[in-house]
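Taking it in order: structure first as structure tokens, then the write-up.
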Amino acid sequence: LARASVRLLWLGWRGFERIAASDGWSGTAKRQYAALLNGLAFIVLSAGVMRLWHFFDGIRWRLDYLLASFGLQASLSIVWALAAIVLMVSGNRAADRARWLVGASIMAVVVLKLFFVELGNSGGIERIVSFIVVGLLLLLVGWYAPVPPKDRD
């Protein structure tokens, strides 16, 4: 299932390259298609992390059991933060403010998740590790990839 999901996303991106090159779709439709593909990629990434915890830690493949795992919650926070940093750094380098803001929005979700989900649980080392790693990632992204300037148009 995971390979099929990745292949379908790859085919979707290949199709998007052709759509972006053609004049048949409006700019809004192209942006919506890209947002859909990116959202699906984020879901596949999160499901992959859940699958790893299911396989290696022996957690039952049920959402309530998976979400009750402190290790899975810490892993999701770190993976989501890394995805946000990739978007923020690439947005900074390409001077693409919208991409940077999407990354910053994901990072805000990670910070809220840290406070409401992981701080609420009485987990030990996983909570500490996720707070430290996400804090260091926030520090690094603030240093190396500040928000690009607004367009003057």
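Both backbone and side-chain heavy atoms feed into the values below; hydrogens, waters and symmetry mates do not.
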Shortest non-hydrogen contact from Val110 toward Ala81: CG2-N, 3.9 Å

Do Ile85 and Leu140 come close enough that some side-chain heavy atom pair is under 4.5 Å? no

Rounded distance [0.5 Å steps], CG in Leu52 versus CD1 in Ile59: 11.0 Å

Closest heavy-atom pair, Ala84 versus Gly103, reported as atoms and distance to 0.1 Å, is CB-O, 3.2 Å

Hey, any chance Val86 and Leu136 share a hydrophobic cluster, counting ILVMFWY side chains that come within less than 4.5 Å of each other, even indirectly? no

Check whether any side-chain heavy atom of Leu36 sits under 4.5 Å from a side-chain heavy atom of Gln32, and report yes or no. no

Salt bridge (Lys or Arg N to Asp or Glu O under 4.0 Å) partners for Arg62, two or more places apart: Asp64

So how far is it from Ile132 CD1 to Leu137 CG, rounded to the nearest 0.5 Å? 12.0 Å

State the CD1-NZ distance between Ile106 and Lys113, to the nearest 0.5 angstrom. 13.5 Å

Please determine, by modelled atom types, if Ser90 and Arg93 share a side-chain donor-acceptor pair under 3.5 angstrom. no

Mind checking whether Met50 and Leu76 have side chains closer than 4.5 Å, heavy atoms only? yes

Using the rule that Ile, Leu, Val, Met, Phe, Trp and Tyr join whenever any side-chain heavy atoms are under 4.5 Å apart, tell me whether Leu63 and Trp80 fall into a single cluster. yes

Is it true that a side-chain atom of Asn92 and a backbone atom of Met88 form a donor plus acceptor pair closer than 3.5 Å? no

Gap separating the OG atom of Ser105 from the CH2 atom of Trp100, nearest 0.5 angstrom: 9.0 Å

Using modelled atom types only, decide if a donor and an acceptor are shared between the side chain of Gln73 and the backbone of Leu67 within a distance under 3.5 Å. yes

Indicate if Val117 and Ile43 have the same hydrophobic cluster label, given that clusters are the connected sets of ILVMFWY residues with side-chain heavy-atom separations under 4.5 angstrom. no

Side chains of Trp53 and Ser69: do they bring a donor and an acceptor to under 3.5 Å? no

For Phe115, look at atom CZ and say whether over 12 heavy atoms of other residues, nucleotides or ligands are found less than 6.0 Å away. no

Strictly distance-based, threshold 3.5 Å: is any side-chain N or O of Trp61 a donor or acceptor partner for the main-chain N or O of Leu66? no

Minimum heavy-atom distance between Ser77 and Val134, given as atom pair plus value: O-CG2, 4.1 Å

